[in-house]
Amino acid sequence: MLPMTMPSQLRRLFPLAFVLPVLLLALASLGVPPARAQGTDLAPIVAKFANDSYGDTADALAALSATGSDQAGAIVAALGEGRLVFDPATKAVYIRAPSGAVTDAATGAAVASPPAGLTAVRANNRVRRAIEAASGALSLLNPDAGKRRAAAAAVFKSRDAAALETLDTAIAREQVPDVKAALEDARAAILINAPAASEADRLAAVKRIAARGDQESLGMLRAVPADAPAAVKAAATAGIAAVERNLAFWNAAQNVWYGLSLGSVLLLAAIGLAITFGVMGVINMAHGEMVMLGAYTTFVVQEIIRNSAPFLFDWSLTIALPLAFVFTGLVGILIERTVIRFLYGRPLETLLATWGVSLILQQAVRTVFGPTNQEVGAPSWMSGAFQVGQMSITYNRLWIIVFSLMVFFALLMILKRTSLGLYVRAVTQNRRMAAAMGIRTGRIDALTFGLGSGIAGIAGVALSQIDNVSPNLGQGYIIDSFMVVVFGGVGNLWGTLVGAFTLGVANKLLEPVAGAVLGKILLLVFIILFIQKRPRGLFALKGRAVES
């Protein structure tokens with residue numbers, strides 16, 4: 001019984017609670033799905049699929065894309081997946097679900113007893129292109145902005161004129177600016193070569209396509225037919241020139257970015273060498289192997305995490321950094337105490353001895369890990385890329401640039417703000433005077449060599465994300481590291497920074513013009529000539545012993 005205090009509005013609506021279920025049951029008994037009761041009649045269009053003709057199938061797809069109905073989307077998806085079938089006897093068309101259930105293609109109604117001998121509607125390359133275009137057109141009005149953007153991109157590639165009407169509707173409704181721009185680009189891609197379009201529309205399309213400035217727009221402008229109006233051809237020619245200039249600019253910018261990325265790698269590999277070479281005067285040919293040991297430390301850390309704690313994988317590099325620094329630093333101190341300290345003042349013997357140490361370390365790694373490359377994965381926050389204009393920037397190289405600068409400034413603070421840094425600078429500028437002042441130069445040599453080796457180790461952690469982790473990893477960077485140190489100024493960190501990025505950018509700008517090998521040779525010749533003019537490099541150290 002209803003309470004007597006119920007508002008009159010609720011008392012009026014109460015009978016509908018009984019009427020609505022009855023209406024829905026009546027619709028169901030008639031076999032009419034509520035969502036399609038007022039929909040477009042797809043039967044005449046769907047019937048074309050039963051003709052077993054590629055041309056009729058493509059025409060049916062174009063007609064379906066203009067309806068914008070949900071059932072049309074289901075038909076297109078079924079055809080793309082090979083699940084659209086027809087009865088050769090009755091020419092009825094059905095959709096077979098992955099579960100095996102069969103529904104009527106035109107209405108979506110379930111078919112309890114499908115006929116035997118159903119044949120799949122065939123598809124060739126033309127039909128597949130039509131499927132892609134129809135899928136894009138049907139998604140243009142999707143409530144999801146991401147799907148509308150993807151649909152616009154699909155129509156832009158297919159340039160299917162059948163989607164033009166749907167595009168106009170979608171553009172008129174669109175409220176998201178970047179999606180609207182994508183829709184207008186797709187419309188321009190269709191109109192640019194549409195003979196039925198007006199000259200004004202084609203000129204506007206040429207202007208919009210040229211404004212994109214990418215490789216796809218260049219191809220579209222070059223494809224403008226010879227029988228196009230003279231004004232359209234002239235606009236396309238001007239657009240081609242503008243796009244080529246734009247692409248040339250972005251290609252140069254991309255090469256500069258690659259150069260900065262290479263420069264950051266050279267900075268990481270050379271920064272430790274700069275302080276050991278500057279303080280101790282040792283030509284350490286085993287420095288590249290310190291980089292290699294840091295990369296293998298990363299590999300070991302990731303293997304342990306994969307087997308024991310997979311949820312920590314995104315933290316693997318953070319865990320590997322201090323471990324690589326400590327491990328390679330200790331190896332460096334061991335090498336200095338057991339080999340190098342007996343060879344000070346004998347550069348040729350030091351070079352040969354450290355070269356022998358590098359061979360021993362390489363063979364030791366081959367014995368333990370094998371000669372093949374090892375897999376080192378990238379954390380999720382270092383994966384992927386993003387676009388800046390026509391330039392692609394990968395997150396792993398971006399993080400390496402940031403990391404190399406962090407290491408540089410951290411080392412700069414150590415040398416400028418700590419007692420160890422004060423002793424290192426004193427020994428660098430005048431070893432004898434520093435020893436006379438009570439500084440234990442042998443201890444400073446060992447700590448400096450360990451610091452340089454530790455930095456090489458964390459350089460290996462970074463390099464493991466962009467290069468193959470193998471026993472030969474360090475060999476590819478040792479010569480370039482020495483070039484950076486000599487060019488920038490022995491023992492000068494700022495010179496190492498400028499030298500690394502200068503040589504990195506110069507190398508990447510020369511490669512497209514002269515090739516990789518000749519570009520390296522030209523850089524080497526330049527450095528030789530430069531050193532003849534400035535023997536101490538770009539930034540020479542100041543000090544009585546250094547200058548004497």
Assess whether side chain to side chain contact (heavy atoms under 4.5 Å, CB included) is satisfied between Leu398 and Phe386, documenting all intermediate values. CA-CA 11 Å; Leu398 178 62; Phe386 62 94; 4.0 Å; yes

Mind checking the CG-CD1 spacing from Asp314 to Ile319? Nearest 0.5 Å is all I need. 10.5 Å

Is any side-chain N of the basic residue among Glu184 and Arg187 closer than 4.0 Å to the acidic one's carboxylate O? no

Test item: Gln374 side-chain N/O and Phe369 main-chain N/O as donor-acceptor pair under 3.5 Å: yes

So do the side chains of Ile340 and Val357 get within less than 4.5 Å of each other, counting heavy atoms only? no

So with a 6.0 Å cut-off around CZ of Arg306, is the heavy-atom count from everything else above 12? yes

Nearest 0.5 Å, what's the CZ-CG distance between Phe526 and Leu510? 10.5 Å

CD of Glu511 to NZ of Lys508, rounded to nearest 0.5 Å, is 4.0 Å

Indicate every side-chain donor-acceptor pair of residues 453-465 with a distance under 3.5 Å to a residue at least two apart or in another chain.
unit_1	atom_1	unit_2	atom_2	d
Ser453	OG	Phe449	O	2.9
Ser464	OG	Val461	O	2.5
Gln465	NE2	Gly377	O	3.3

Between Val339 and Thr354, is the side chain to side chain contact (heavy atoms under 4.5 Å, CB included) condition met? List the steps. CA-CA 8 Å; Val339 178; Thr354 53; 5.8 Å; no

May I ask you to decide if Ala242's main-chain N or O and Asn246's side chain share a donor-acceptor pair within less than 3.5 Å? no

CD/Gln387: more than 12 non-hydrogen atoms of other groups inside 6.0 Å: yes

Using atom types as modelled, flag every donor-acceptor pair under 3.5 Å from a side chain in residues 405-424 to any protein atom, sequence neighbours excluded.
unit_1	atom_1	unit_2	atom_2	d
Thr418	OG1	Ile414	O	2.3
Thr418	OG1	Gly421	N	3.1

Any side-chain heavy atom of Glu216 sitting closer than 4.5 Å to one from Ile209? no

Atom CD in Glu349, atom CG in Leu343: separation rounded to 0.5 Å? 7.0 Å

Validation row: Trp315, Ile305 side chains within 4.5 angstrom (heavy atoms): no

Rounded distance (nearest 0.5 Å) linking atom CG of Leu293 with atom CD of Gln362: 10.0 Å

Between Ala210 and Gly239, which heavy-atom pair has the shortest distance, and what is it? CB-CA, 3.9 Å

Student check: side-chain heavy atoms of Glu289 and Val331 closer than 4.5 Å: no

Minimum side-chain heavy-atom gap Leu267-Thr496 below 4.5 Å: yes

Taking the side chain as C-beta and beyond, is there a heavy-atom pair between Val206 and Met220 under 4.5 Å? no

Looking at Asp445 and Arg341, is there a salt bridge between them, counting it only when a charged N and a carboxylate O are closer than 4.0 Å? no

Which pairs would a plain distance check flag for residues 389-396, meaning a side-chain donor or acceptor within less than 3.5 Å of a matching protein atom at least two apart in sequence or in another chain?
unit_1	atom_1	unit_2	atom_2	d
Gln390	NE2	Arg212	O	3.4
Thr394	OG1	Asn396	OD1	2.9

Looking at Leu247, is its backbone amide N or carbonyl O close enough to the side chain of Asn251 to form a donor-acceptor pair, meaning the two atoms are under 3.5 Å apart? yes

Within a reach of under 6.0 Å around CH2 of Trp399, are more than 12 heavy atoms found that belong to other residues, nucleotides or ligands? no

Which is it for Asn284 and Ile335 under the side chain to side chain contact (heavy atoms under 4.5 Å, CB included) test, yes or no, and what are the steps along the way? CA-CA 10 Å; Asn284 179 20; Ile335 293 172; 5.7 Å; no

Walk me through it: do Arg148 and Arg173 pass the test side chain to side chain contact (heavy atoms under 4.5 Å, CB included)? CA-CA 12 Å; Arg148 294 198 302 274; Arg173 296 180 183 179; over 6 Å; no

Working to the nearest 0.5 angstrom, can you tell me the gap between Thr328 OG1 and Leu330 CG? 8.0 Å

Taking the side chain as everything from C-beta on, heavy atoms only, tell me whether Leu268 gets closer than 4.5 Å to Phe403. yes

Are side-chain heavy atoms of Val517 and Ile521 found at a separation under 4.5 Å? yes

